[in-house]
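I have placed the structure first, in the form of structure tokens, so that the comments after it can refer back to it.
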Amino acid sequence: MHPHLFTPGPVEVPHSVRAAGAAPLVGHRSETYFALLEEISALLKKLLRVSQPVIAMPSSGTGALEALAANLLDPGDSVISFSCGAFGDRFREIASRRGATILPVDIPRGRTATPSDVRRALEQHPSAAAVLFTHNETSTGALTDLQACTSTLPEDGPLVLVDAVSSLGAVPCFPEDWRIDGLASCSQKGLLTPPGIGIVALSERGWKRAASRPSPSYYFDLPLHRRFLEKARPQNPYTPPVTLLYSLAEALRFLDEVGFERRFADVERTARTFETACESMGLSLFVKEQELRSPAVTAVTVPEGRAEEMKRALAELGVEVAEGQGKEPMLRVAHYSPGGWPELCLVAGSLYGAGRACGLELSPDFLEPAWNCWKKGACPQ
Ligand SMILES: *Cc1c(COP(=O)(O)O)cnc(C)c1O
């Protein structure tokens, strides 16, 4: 049986998106392809509410992060790196391998950077060249309030670079409104597409910086990607994954038809209802402060030493979730799929079943509180 994916990437891909990828290939220097890339580019700009070009290129999310580091950082740059989990650590390591001098700010897992953390770090390091943030820390299920954090930075302050791999397409993310200079994401999470496409958006300031010297990366030379995208017939410098781009275009059309605002509200409603179901069952959530809980992924605490067994029990029921990425015993459940209440019952009910199969004492009375939450649209914070 096809497992139901509730992993925080890859995610369950709508049938129309998969089917789009099965269409016959066209050449990437053909009129059909130019039109496809133009459509993708316009929809990505609409989703992100940006005026600057957005690059879609072959890579996973990590490749998009590497592209930011290669094009916007120089060896010796001082970089303030906020990390509240595994992905914050990864972005830091990528910047470090680019030769940046890292000024680390470690936030306890399950929490996020706050405006006062940002203010304090900048006071200590006023000449920092860049600040790194993780929008949605997928390893703990915590969402950083980027808008609040960046509003404390001066206009001519450090460049702001953001890992938006697990937030784009699921959570509001508006880099130009939030004065973000470099944003990295990819296809296989909030954008409901198979893995393989990296997405990068730079601000005007970011593009100026990238254009100020030759890119040290041949493949991820962002100004080169931009020049090809801005030709009269938009294209990529190197062979793109054409059929994946068919799928991405279809997914973006789908999300645009739903309406991006509506999509963000649906994801949030699903997460809040799932949180209610878990707590009503007797399971606790890893992120304690409600307002920090991610709409995209929920980390559910399980008894010490039981995460692997629970994950296996869920897999036997046909449901795939992720374990934690650190020492904490947890299961991570994603809410990207647009399946609504029936799908929510599938994962919450399966979690209950798996817990009982593993001998956990769980309350069966989670359905009524979950339904009440769902009915409201989203639980009050
Ligand atoms: C998934 C994820 C990544 C890594 O993405 P890959 O596509 O596996 O390279 C990076 N950052 C965050 C926050 C993620 O959730």
Side-chain angles (χ1 to χ4, degrees), residues 5-13 48 55-70 81-98 106-107 109-113 131-146 149 160-173 175 180 182-201 217 219-220 241 244-245 247-248 251 267 271 286-287 292-299 320-326 330-337:
L5 291 185
F6 289 93
T7 41
V11 303
E12 209 56 57
V13 170
L48 287 162
I55 305 299
M57 59 188 186
S59 87
S60 77
T62 306
L65 291 168
E66 181 123 303
L68 289 186
S81 153
F82 289 99
S83 174
C84 54
F87 291 106
D89 292 351
R90 179 182 298 190
F91 199 8
R92 178 180 294 174
E93 174 65 17
I94 290 170
S96 164
R97 292 209 198 172
R98 173 71 187 118
D106 289 317
I107 310 293
R109 292 168 60 81
R111 309 210 46 209
T112 61
V131 186
L132 312 184
F133 291 103
T134 313
H135 189 196
N136 187 64
E137 180 46 81
T138 323
S139 69
T140 63
L143 185 78
T144 300
D145 185 344
L146 283 178
C149 284
V160 177
L161 309 190
V162 171
D163 173 343
V165 170
S166 60
S167 56
L168 183 65
V171 177
C173 184
I180 290 164
L183 178 123
S185 192
C186 63
S187 54
Q188 82 275 18
K189 300 190 184 184
L191 293 179
L192 302 177
T193 301
I197 301 168
I199 290 161
V200 176
S217 171
Y219 196 64
F220 292 139
L244 265 181
L245 286 150
S247 287
L248 178 62
V267 171
F286 184 69
V287 176
L292 300 183
R293 286 178 190 157
S294 163
V297 54
T298 303
E320 207 172 314
V321 301
E323 279 180 69
Q325 289 171 294
M330 63 165 78
L331 295 176
R332 294 175 302 129
V333 177
H335 310 296
Y336 298 106
S337 292

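Values below: all heavy atoms of this structure, side chains included; hydrogens, waters and symmetry mates excluded. Order of appearance sets the numbers: ligands from 1, and atoms from 1 within every ligand.
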For residues [X] and [Y], is any side-chain donor paired with an opposing acceptor at under 3.5 Å?
X: Ser166; Y: Asn136; value: yes
X: Thr138; Y: Arg332; value: no
X: Ser83; Y: Asp106; value: no

Next item on the list: Please state which part of Thr62 comes within less than 4.0 Å of ligand 1, counting heavy atoms only: side chain, backbone, both or neither.
Entry: both

Can you tell me which residue and heavy atom of the protein come closest to [atom], and the distance to 0.1 Å?
atom: atom 15 (O) of ligand 1; result: Thr138 OG1, 2.4 Å
atom: atom 2 (C) of ligand 1; result: Lys189 NZ, 2.6 Å
atom: atom 11 (N) of ligand 1; result: Asp163 OD2, 2.6 Å
atom: atom 8 (O) of ligand 1; result: Gln188 NE2, 4.1 Å
atom: atom 10 (C) of ligand 1; result: Phe87 CD2, 3.3 Å

Provide the number and element of each atom of ligand 1 under 4.0 Å from a heavy atom of [X].
X: Arg90; answer: 4 (C)
X: Asn136; answer: 13 (C)
X: Ser166; answer: 13 (C), 15 (O)

Notebook entry, point to check: Within the side chain of Glu320, is there an N or O that forms a donor-acceptor pair under 3.5 Å with the backbone of Thr7?
Noted result: no

Next item on the list: Please confirm whether the backbone N or O of Thr193 pairs with a side-chain atom of Gln188, one donor and one acceptor, at under 3.5 Å?
Entry: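 No, because the side chain of Gln188 does not come within donor-acceptor range (under 3.5 Å) of the backbone of Thr193.
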
Note to self: Between ligand 1 and Ser60, is the shortest N or O to N or O distance under 3.5 Å?
What the structure shows: yes

Note to self: I'd like to check whether Gly61 has a polar contact with ligand 1, where a contact means an N/O of the residue lying under 3.5 Å from an N/O of the ligand.
What the structure shows: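 Looking only at distances, the answer is yes, because the N/O contact criterion of under 3.5 Å is met.
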
Notebook entry, point to check: Can you tell if the side chain of Ile199 reaches within under 4.5 Å of the side chain of Leu191, non-hydrogen atoms only?
Noted result: yes

Notebook entry, point to check: For Thr144 and Cys149, what are the C-alpha separation, side-chain angles and deciding distance, and is it a side chain to side chain contact (heavy atoms under 4.5 Å, CB included)?
Noted result: CA-CA 8 Å; Thr144 300; Cys149 284; 4.1 Å; yes

Checklist line | Asp163 bridged to Arg92 by N-O distance under 4.0 Å | finding: no

